[in-house]
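In each ligand, atom 1 is the first atom listed, and ligand 1 is the first ligand listed. Predicted model only: the values in this text are computed from it and were never measured.
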Amino acid sequence: MTEPGREVFWNINFPWIMFILAGIAVLLACYSVYIHIKRWKVGQPAGRANNWWKRTAAFIALAIPDIIFHLKFFGIEKPLRRRELFPGLMHFLIFSGFMIFLLATIVGIWETSLKGNVYLAYSVIVDGFGILAIIGILMAIYRRYIWKPKRLDRKPEDLAALLIILVAILTGFAVEGFRIAATELQTNPGWAVWSPGGWVLAKVFSGMSQSALLGWHVGLWWFHILLALWLFAYVAFVNTRLLHILWDPVNIFFRDLGPRGALAPIDLEKTEHFGADKIEDFTWKQLLDLDACTRCGRCQDACPAYAAGKALNPKQVILDLKAHLYEVYPGNLKLGKAETQREMTGGVITEEVIWDCTTCRACQQACPVYIEHIDKIIDMRRNLAMEKSQFPEAARDALKSLSTRGHPYRGTTSTRTTWTEGLEIQTVEDAKDIEILYWVGCSAALDERNMTVAKAMAKILGAAGVKFAILGDEEACCGDPARRMGDEYLFQTISQQNIEIFRSHNVKKILTTCPHCFNSFKNEYKQFGGDYEVIHHSQFLAGLLREGRLKIKNPTALKTAYHDSCYLGRYNDIYEEPREVLKAVNGSVTELPRRRTDSFCCGGGGGHMWMEEAPDKRVNERRVEEIMRSEAECVSTACPYCLTMLEDGLKAKEADDRIKAKDISELVAEAIE
Ligand code: SF4
Ligand code: SF4
């Protein structure tokens, strides 16, 4: 050979056997895919086989870089980026290295015309990515078996999978090394360095006789091929974590493209069975989610309930549901169905676990493969609430109050307008030409501590000359606590009543101080025909300050931290405006270690504002401990739940003298004095 290149199947007799074996492996893999699809189809319709163009565009733009680079965390908050750098890089090296090594090997088998510089470039790329994959595998072994982060569990299959891939790549290099030692090293040593993996080993083998080199080459070639094909069939057929390579792209493709903050509604007229009681009650997409889990544990790491020592672990929920799915529908060759099955809701997933969730969305934000934990938990809650009437006692009381008094504050003697005493606040009934409806919300109207937020807002709106009005006694709850506690019937009743009230007053623009009301009106009322311009007070205040409608005369002197509310941040991407407001009144913001997308829940969402928590497992106290370790003299927030939970936590930790909790509107109201 006068120019760089190599003979395909050099030294190999009967290479067609490999093609037959490869064909069998591919058929087995296709059959396995068919069985998995059959298993998912035991679930309910999901409404996700739609928007194909949008899905394809979103997949190409977002998911492909995510899949290849595992870099969901890059480009977002620094602490999270740092925390995920090692696993992100490790996955990138293994995945891209192994895939390119594999693809290039297939191209090398088929392609007979690789010659000259093309051959040399091909050779260095294949070997380069093979070496990167080896580095990635060694990082994975170090992380899983020496570093041992708490979020990773260890099963024998994990080590086996890593070692099999490692051996497959190393034997690939050894085969190349024997070939180079027998050919290029003697005739064209300049070419050999372009295959660095094989070249290093060829140097090691160079003392062997020609016949030994030929013998080792052919023997190891077949071992390498059989191992690679077995690995392929094993990945497709045996239910190991390696299967996520197949299902993750599919799961990402079918992910929820709707507003993040909206739970799927139940068609109450047509549905006879509410929520998920059995595994078949989940949708096919929810079942696909279970297969897509990589067991990476990022959701476990992010979960405030788990961090506070509660029974809930989102990763375990997914793994337990998956184990249950395979228990009820077993079989690799033929899909079976178990005659008897364990109770799922309240059994496989205990009631305690189901009620522990604050719906903070940290798990879903962290999950690299877009698994949707919350809707599964809410579906199980719906079953407990609507079919079995099984609630924690305090949740039952809150829902009862919601249904009879229009708010979840059971013991209050305040009315919707108590906070307006001494102020001149118009109701929509009396007002004319209002700019915006100020939806006060249950907390600011009825909870004594939060009434100061409503008063602060009234003062600010007055100072800025905003024409606003409130609904007064016509205002009720937005329904969020009912929906998050699983009582979909009550939520839909409330939302339809509110939509009717808005319609009767021709309401188009709504201002809220509560991110839960904001999320319901903005993302969920559309499901029932209510479509409004909804503005959170953090956005509105930032706008007033930007426009110069508010003048800061008395900036606060306290070092003020900002606590991101889950429903404002993770659900609705509002991170900048509250900080903009704080900078205007304070000059700067003291950032907490966990912030923005990585923020740690206050513990009040998902109905937990009204539920009891064991004193040693309080989520708010975990957050307060973090605030106490910061330099903050004041912690501000833009959510009434967070305000209550943080203030309670500061009191419980006897830190309320040192650190104040305030809503951003209170800080603005003080600053414009
Ligand atoms: S939503 Fe929050 S509390 Fe619920 S499982 Fe996910 S991380 Fe945990
Ligand atoms: S659900 Fe997502 S984040 Fe949690 S372990 Fe599975 S893949 Fe990882």
Side-chain angles (χ1 to χ4, degrees), residues 66-67 70 72-73 80 83-84 87-88 91 144 149-155 158 241-245 247-252 255 260-261 263 286-323 349-350 352-381 484-486 519 564-567 569-571 594 597-609 611 613 617-620 622-623 641 645:
D66 247 19
I67 293 165
H70 286 74
K72 185 173 179 184
F73 299 100
L80 195 58
R83 205 166 71 213
E84 299 302 335
H91 275 108
R144 196 168 278 269
K150 206 175 157 210
R151 75 186 190 194
L152 286 186
D153 55 292
R154 278 160 290 279
K155 291 188 182 178
D158 299 325
R241 74 193 297 268
L242 281 180
L243 259 179
H244 81 262
I245 301 168
W247 306 141
D248 290 355
V250 184
N251 201 50
I252 294 171
R255 75 185 190 276
R260 251 176 277 152
L263 287 173
Q286 289 175 316
L287 300 183
L288 164 60
D289 265 4
L290 308 180
D291 271 330
C293 177
T294 68
R295 292 185 18 241
C296 71
R298 283 179 165 101
C299 55
Q300 170 186 311
D301 241 12
C303 178
Y306 178 77
K310 296 189 182 196
L312 170 63
N313 174 347
K315 171 179 159 180
Q316 204 53 47
V317 168
I318 299 297
L319 295 181
D320 288 346
L321 288 175
K322 178 175 177 175
I349 308 296
T350 63
E352 191 183 359
V353 165
I354 294 168
W355 289 109
D356 274 348
C357 179
T358 66
T359 68
C360 74
R361 213 178 177 278
C363 50
Q364 293 192 200
Q365 182 74 40
C367 180
V369 294
Y370 296 83
I371 284 168
E372 294 153 19
H373 308 70
I374 297 171
D375 63 350
K376 292 177 198 58
I377 292 172
I378 294 292
D379 279 348
M380 290 187 279
R381 270 190 196 178
R484 266 72 201 171
M485 285 196 262
N519 183 64
D564 286 278
S565 133
C566 306
Y567 274 69
R570 274 192 291 268
Y571 275 82
R594 285 196 265 193
T597 51
D598 193 26
S599 183
F600 193 82
C601 178
C602 72
H608 279 259
M609 269 291 286
M611 291 189 218
E613 280 183 301
K617 292 179 182 161
R618 289 191 178 138
V619 172
N620 60 340
R622 298 290 90 74
R623 183 54 160 169
Y641 294 5
M645 298 305 277

Subset of ligand 2 atoms that lie under 4.0 Å from at least one heavy atom of [X]:
X: Pro368; result: 3 (S)
X: Val369; result: 7 (S)
X: Thr294; result: 6 (Fe), 7 (S), 8 (Fe)

| Charged N to carboxylate O below 4.0 Å: is that the case for Asp158 and Arg295? | yes

| Which bit of Ile374 gets closer than 4.0 Å to ligand 1, counting heavy atoms only: side chain, backbone, both or neither? | side chain

Structural part of [X] in contact with ligand 2, heavy atom criterion under 4.0 angstrom:
X: Arg295; result: backbone
X: Ile371; result: side chain
X: Cys363; result: neither

| task | Between Gly297, Cys296, Ala292, Cys303, flag the one that comes closest to atom 8 (Fe) of ligand 2 by a heavy atom. | result | Cys296

| Backbone or side-chain N/O/S of Cys357 under 2.8 Å of atom 4 (Fe) of ligand 1 | yes

| Option passing side-chain contact (heavy atoms from CB on, under 4.5 Å) with Cys357 (candidates Ile377, Val317, Ile378) | Ile377

| task | For atom 8 (Fe) of ligand 2, decide whether Cys293 has an N, O or S atom at a distance under 2.8 Å. | result | no

| said: Go through it in stages, so that I can follow the logic: the residues are Thr359 and Tyr567, the test is side-chain hydrogen bond (donor to acceptor under 3.5 Å, both in side chains), and I'd like the CA-CA distance, side-chain angles, deciding distance and then a yes or no. | reply: CA-CA 9 Å; Thr359 68; Tyr567 274 69; 2.6 Å; yes

